[in-house]
Chemist: 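This is the structure I want to talk about, given as structure tokens.
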There are 2 protein chains.
Amino acid sequence: MSASPVFVAIIGAGTVGSSFIPQLQNLIKNTTNRAIFPILIARSSKCLVSRDYTGLDLNNWSADLSASTITPPTFPNETLKWLKSAPGEVVLVDNTSSLEIAQSYPAFLSAGIHIVTPNKKGVSDSLELWDNIFNSARQGGNATGGYFYHEASCGAGLPIINTITDLVKTGDKIKKVEGVFSGTMSFLFNTFHPASGTCDEKFSAIVDKAKAAGYTEPDPRDDLNGLDVARKLTILARLSGLKVPNPTSFPIESLVPAELEAGSASDFMAGLPKFDSAIEERKAAAEKENKVLRFVGKLDVDKNQVSVGIEAFERGTAIASLRGSDNVISFFTERYGANPLVVQGAGAGAEVTAMGITADLIRVLERLN
Amino acid sequence: MSASPVFVAIIGAGTVGSSFIPQLQNLIKNTTNRAIFPILIARSSKCLVSRDYTGLDLNNWSADLSASTITPPTFPNETLKWLKSAPGEVVLVDNTSSLEIAQSYPAFLSAGIHIVTPNKKGVSDSLELWDNIFNSARQGGNATGGYFYHEASCGAGLPIINTITDLVKTGDKIKKVEGVFSGTMSFLFNTFHPASGTCDEKFSAIVDKAKAAGYTEPDPRDDLNGLDVARKLTILARLSGLKVPNPTSFPIESLVPAELEAGSASDFMAGLPKFDSAIEERKAAAEKENKVLRFVGKLDVDKNQVSVGIEAFERGTAIASLRGSDNVISFFTERYGANPLVVQGAGAGAEVTAMGITADLIRVLERLN
């Protein structure tokens, strides 16, 4: 044990948190040069807490948390105060998707607390919040600030954020980024317009099946409105140097027809078939050029443009060749020239999202003494 | 300037080194919290050296080096002794492809000198050398050893080594890795057997054109014998947990016919057309299954198998869809399941190789106080 101990506080113990905690256990076991103490596992109404900072026993954390009668410390005030009192470096792992929690990142970072998170809200909301986060973080030049890592905020465990960061830090210029950033959208369009073979099913029927299989949010409009993709594009655009004010400040093509925006999810599903012919026409037009439709996000640094929506792609390209619910992201840069650097694979799922968080936690540990 | 100064010594100032040095200049300029002093630029016969460790002026390094009459310190002895005397942390950047230099890594690492390198010889030669390197390095548990990073030893600047390392460190299990690891082989087979359209040219004619365009080594046998690919597979296999004794300890399909192994490069080129019919037959057989031929490396951890050679791939897969001289590497892991994590893009070229080195240098700097 040559390195100083590190204390880990976990907010959010849902699907992703439940996959992260076993990875943390494994990391604790395999880290022979440093003690890592999990000191907090909090969800909205209850928590497990190690008040004396000696660390929680994680072996039955889920049952222990269910049985707990302890109210979590208030967030941010009590939590921040308590973490500041820890006898060493602290990493806050935010496994929520809460904007409210993300709005407190600057306060935690300014207090020297490190943050790793898959929560895309903090880095994809207002530019002001983005600036506050990075100005408070060690990476942004605040010598006493905490480190901030968010690999899993885009593409889960795929090496997206760290790749674009490496490109920029080594002096490459990002020209364009384009890709499929939503597993749900990927599945819908790979099925509706396959790169090889044909599909005779209507778009609405595919949405229906995907919903039944649990591939969409309970209300599919939360996938189809494009906002999740817009948030991911906002993050990549900012890392590429564009000052995107907020995630709705550029064109976003919603696949939710205006007249189906209100009403229940069932109303939406019942109304969707009426719009099949419009998307069939676009498919036929793309097919004439030997192209396939994909729902993509794109950014162009020179043109200062970001957009999200349906586009047609030539067969044989990485985006057209996608399978299943995979993500694919292509980075066009000055150094890489005409052929982009491409990363592809599962961009959602609890295990791979947790992997992104754990890899970030390791990056923080590697930077501490 | 809150962090301690770091001294950088560069061995090898050819194509890659000439791209790395401007990236280093850029890094020095942009690193506001730490002084970085380049203290040595050495090639075989001459060098630039800052004997008092105050740092070289890099603005005219190439002309200065050409004009230099200073013989480099002997390697390893004088170099090691001098770097050990530096008044701070030292990073050795080995831009050569020399096994002899790599054999001294353990001595430098044991002395606390960090190493970043695109040189694949050290990590792909004997398992004994691999073990010596990692046992001497900080990553291998030697608390006073130097850090060792070699991203550019496989796929140049593509995130390959760091991705596989992250997967393993976070507890994923690598099941299989397969891909196209040679830009030259990629170009030859993407041309000879395209995923869309057809090619009527003979394989030998394509090799001829590639040689004329400078896409192959001066003697194309150095690409076609498969050894470069075998070395990259050796690295990935070891990172996946396989104890590969050396880069020729598994099946390697050489595309150099036995009777053309001897003789000059011209003799080889003159003799190659005689073997066109054999590869044409394999192309036709693959085509019958709607597959295309690619020259790939593969490893299977459960089966403890590594191999390098021609394989047929279904159209629509990432490997079949390759263009130009791109590399593509697919990682099949326990967490990623049936669809692999895929990284694709230029896997050779001075600028992108230098980028891999610079990113590694940044990783070392980030781990130092």
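Just so it is clear: chains get the letters A, B, ... in the order the sequence lines come, proteins before strands, and each one is counted from 1.
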Chemist: How far does NZ of B:Lys169 sit from CG of A:Asn26, to the nearest 0.5 angstrom?
Modeler: 13.0 Å

Chemist: If you tally heavy-atom pairs under 4.5 Å against chain A, which of B:Asn327, B:Leu368, B:Asp326 wins?
Modeler: B:Asp326

Chemist: Testing A:Leu361, A:Ile357, A:Thr358 for side chain to side chain contact (heavy atoms under 4.5 Å, CB included) with B:Thr170, which one passes?
Modeler: A:Thr358

Chemist: Heavy-atom distance under 4.5 Å to chain A: side chain of B:Ile362, backbone, both or neither?
Modeler: side chain

Chemist: Step by step, work out the side-chain contact (heavy atoms from CB on, under 4.5 Å) result for A:Arg323 and B:Thr317.
Modeler: CA-CA 9 Å; A:Arg323 293 174 171 203; B:Thr317 57; 4.0 Å; yes

Chemist: Distance check, rounded to the nearest 0.5 Å: B:Leu341 atom CG versus A:Leu158 atom CG?
Modeler: 5.0 Å

Chemist: With a 4.5 Å limit on heavy-atom distance, are the side chains of B:Asn369 and A:Asn369 in contact?
Modeler: yes

Chemist: Out of B:Arg315, B:Met355, B:Arg138, which one racks up the most heavy-atom pairs below 4.5 Å with chain A?
Modeler: B:Met355

Chemist: As an exercise, state the distance from OG of B:Ser196 to CG of A:Asn290, rounded to the nearest 0.5 Å.
Modeler: 8.0 Å

Chemist: Can you tell which part of A:Glu314 gets under 4.5 Å to a heavy atom of chain B, answering side chain, backbone, both or neither?
Modeler: side chain

Chemist: Side chain, backbone, both or neither: which part of B:Arg363 has a non-hydrogen atom closer than 4.5 Å to chain A?
Modeler: side chain

Chemist: Just verifying a value: how many Å separate B:Arg335 CZ and A:Gln23 CD, rounded to the nearest 0.5 Å?
Modeler: 4.0 Å

Chemist: Only pairs of heavy atoms separated by less than 4.5 Å count here; which of A:Pro340, A:Ala346, A:Ala338, A:Ser330 has the most with chain B?
Modeler: A:Ala346

Chemist: With a 4.5 angstrom heavy-atom cut-off, which part of A:Thr165 approaches chain B: side chain, backbone, both or neither?
Modeler: neither

Chemist: B:Gln344 and A:Val343: side-chain contact (heavy atoms from CB on, under 4.5 Å), yes or no, with the steps?
Modeler: CA-CA 6 Å; B:Gln344 181 176 333; A:Val343 178; over 6 Å; no

Chemist: Where does A:Ala359 contact chain B at under 4.5 Å (heavy atoms): side chain, backbone, both or neither?
Modeler: both

Chemist: Crowded around B:Tyr147 OH? As in, over 12 foreign heavy atoms under 6.0 Å?
Modeler: yes

Chemist: How about A:Tyr215: does its OH atom have over 12 heavy atoms from other parts shown lying under 6.0 Å from it?
Modeler: no

Chemist: Roughly how far, to the nearest 0.5 Å, is CZ of A:Arg367 from CZ of B:Arg367?
Modeler: 10.5 Å

Chemist: Does some side-chain heavy atom of A:Glu351 sit less than 4.5 Å from a side-chain heavy atom of B:Asp172?
Modeler: no

Chemist: For B:Leu24, which atoms come within 4.5 Å of any heavy atom of chain A: side chain, backbone, both, or neither?
Modeler: neither

